[in-house]
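Just so it is clear, the values below take in all heavy atoms, side chains as well, and ignore hydrogens, waters and symmetry mates.
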Amino acid sequence: LREFFNNTIKNTEEIEKYSSIPIYGVIPFNKNKKTLSVFSEAFRSIRTNLQFLPQNESSRIISVTSSVSGEGKTTIVAKLGEIISKKKKKVIVLDLDLRKASVHKEFDLPNNIGMSNYLTGQNSLTEVIKKTSNDFVDVITTGPLPPNPSELILNENMKNILDELKKSYDYILIDTPPVGLVTDALILMNYSDITFTIVRANYTRKEFIKNLDRLAKEHSHNHVGMILNGVEIGDKYGYGYGVSYGYGYGNGKYYKNRN
């Protein structure tokens, strides 16, 4: 009876039932040292699947969103930046969740100035870029939270900053607000080579998956992928070692035929 009334997503099979959006990775719930190796392997698998994206330019812009807060979006952005950098790729993480700053906490950085200062013309690009303990990963935090985040993201400076960053970085990772709450994420999707939507097991509602599938078809010029987060390791939840391999391969066919 409890299962009948459960309206949240539990595993990849349920995602595939409600959506044809490709799954780029499955991340287990990391609760102890035993699960750490599988947790790290899951991110390496996502990094591998990124290689199958069409390569239009020398650098790639990846935005990461979710349906609501609490699905692990920011943690995944930080971990993805770290795992990509291990291939000696230069990565910059942008916190564009201008309603709720959180990326600076993941990297233990101050949030005195950042994206809001650059977008309003108060500071230059070099002034807002912050170095991390990883030589290959830089961060631009939100800065002071503005009263008009959507207008700032539509600002011409948003396009300018991405064009400038492409010259110096191999990957630009954008932490966006939850797509289910505000339109900012939809705006940022248009700048991105791919948008990863984070779905958290036993948390994200099935209705959101259906809506996201519809959204992806409406914005068919964008690549949209899913990452299932917080899956318990064990047969009950359908998580097996290496489950996320192969989801990224051949996605061109999906995007071509999904009208």
Assess whether salt bridge (Lys or Arg N to Asp or Glu O under 4.0 Å) is satisfied between Arg60 and Asp193, documenting all intermediate values. CA-CA 6 Å; Arg60 284 174 170 164; Asp193 297 309; 5.9 Å; no
Show the numbers, then the answer: is there a side chain to side chain contact (heavy atoms under 4.5 Å, CB included) between Phe107 and Asn134? CA-CA 10 Å; Phe107 291 94; Asn134 185 332; over 6 Å; no
Please test Glu82 against Lys79 for salt bridge (Lys or Arg N to Asp or Glu O under 4.0 Å), starting from the C-alpha separation and ending with a verdict. CA-CA 5 Å; Glu82 178 193 326; Lys79 187 68 182 173; 3.5 Å; yes
Let's go through Thr142 and Leu96 carefully: what are the C-alpha distance in whole Å and the side-chain angles of both, what is the deciding distance for side chain to side chain contact (heavy atoms under 4.5 Å, CB included) to 0.1 Å, and is it a yes or a no? CA-CA 6 Å; Thr142 59; Leu96 277 160; over 6 Å; no
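One hydrophobic cluster holds both Ile172 and Met158 under the rule that ILVMFWY side chains link at heavy-atom gaps under 4.5 Å. Taken together through direct or relayed side-chain contacts under 4.5 Å among Ile, Leu, Val, Met, Phe, Trp and Tyr, Leu119 and Ile61 form part of one hydrophobic cluster. Under a hydrophobic-cluster definition in which Ile, Leu, Val, Met, Phe, Trp and Tyr are linked whenever side-chain heavy atoms come within less than 4.5 Å, directly or via other members, Ile76 and Phe136 are assigned to different clusters. By the criterion of side-chain heavy atoms lying less than 4.5 angstrom apart, applied directly or through intervening Ile, Leu, Val, Met, Phe, Trp or Tyr residues, Leu145 is not grouped with Leu109; the two fall into different hydrophobic clusters. The cluster map of Ile, Leu, Val, Met, Phe, Trp and Tyr, joined by side-chain heavy atoms under 4.5 Å apart, puts Ile129 and Ile113 in the same cluster.
At distances below 3.5 Å, not a single donor-acceptor pair connects side-chain atoms of Ser40 with backbone N or O atoms of Ser37. Counting only distance, with no hydrogens or angles, the side chain of Asp95 and the backbone of Ser102 share a donor-acceptor pair below 3.5 Å. A donor-acceptor contact shorter than 3.5 Å is absent between the side chain of Ser45 and the backbone of Glu41. Between the Ser63 side chain and the Met189 main chain, no donor and acceptor come within less than 3.5 Å of each other. A donor-acceptor pair is defined here as one N or O able to donate and one able to accept, closer than 3.5 Å; no such pair exists between the side chain of Ser19 and the backbone of Ile15. Side chain of Ser20 to main chain of Glu16: no donor-acceptor pair is present (N/O by atom type, distance under 3.5 Å, no hydrogens or angles). Formation of a donor-acceptor pair under 3.5 Å by the Glu164 side chain with backbone atoms of Ile161 is not found in this model. A distance-only check finds no donor-acceptor pair linking the side chain of Asn123 to the backbone of Tyr118 [under 3.5 Å]. Using a distance-only test at 3.5 Å, with no hydrogens or angles considered, no donor-acceptor pair links the side chain of Thr197 to the main chain of Val224. In terms of modelled atom types and a separation under 3.5 Å, the side chain of Arg44 and the main chain of Ile84 share no donor-acceptor contact.
Between Lys73 and Val64, the shortest heavy-atom distance links the atoms CD-O, 3.4 Å. For His104 against Pro110, the heavy-atom pair with the smallest separation is CB-O, 4.2 Å. Residue Val128 comes nearest to Gly114 through the heavy atom pair CG1-O, 3.4 Å, listed as atom of the first residue, atom of the second, then distance. For Pro144 against Asn117, the heavy-atom pair with the smallest separation is CD-OD1, 3.2 Å. Across Asp213 and Tyr18, no two heavy atoms sit closer than the pair CB-O, 4.1 Å. Ser150 approaches Ile187 most closely through the heavy-atom pair O-CD1, 4.2 Å.
A distance of 7.5 Å separates CG of Leu152 from OG of Ser116, quoted to the nearest 0.5 Å. In this structure, CG in Asn111 is found 12.0 Å from CD1 in Ile140, a value given to the nearest 0.5 Å.
Atom NZ of Lys90 has more than 12 neighbouring heavy atoms from other residues, nucleotides or ligands inside a 6.0 Å radius. For Asp108, the CG atom sits in a loose shell: 12 or fewer heavy atoms of surrounding residues, nucleotides or ligands are nearer than 6.0 Å. By the neighbour-count criterion of 12 heavy atoms within 6.0 Å, atom NZ of Lys210 is densely surrounded, having more than that number from other residues, nucleotides or ligands. The environment of CZ in Arg47 is crowded: more than 12 heavy-atom neighbours from other residues, nucleotides or ligands sit within 6.0 Å.
For the pair Ile194 and Tyr24, the minimum side-chain heavy-atom distance is below 4.5 Å.
The side-chain hydrogen bond (donor to acceptor under 3.5 Å, both in side chains) test with Thr65 is passed by exactly one of Asp175, Thr195, Thr176: Thr176. Partner of Val199 under the side-chain contact (heavy atoms from CB on, under 4.5 Å) criterion, out of Ile23, Ile227, Ile209, Thr12: Ile209 alone.
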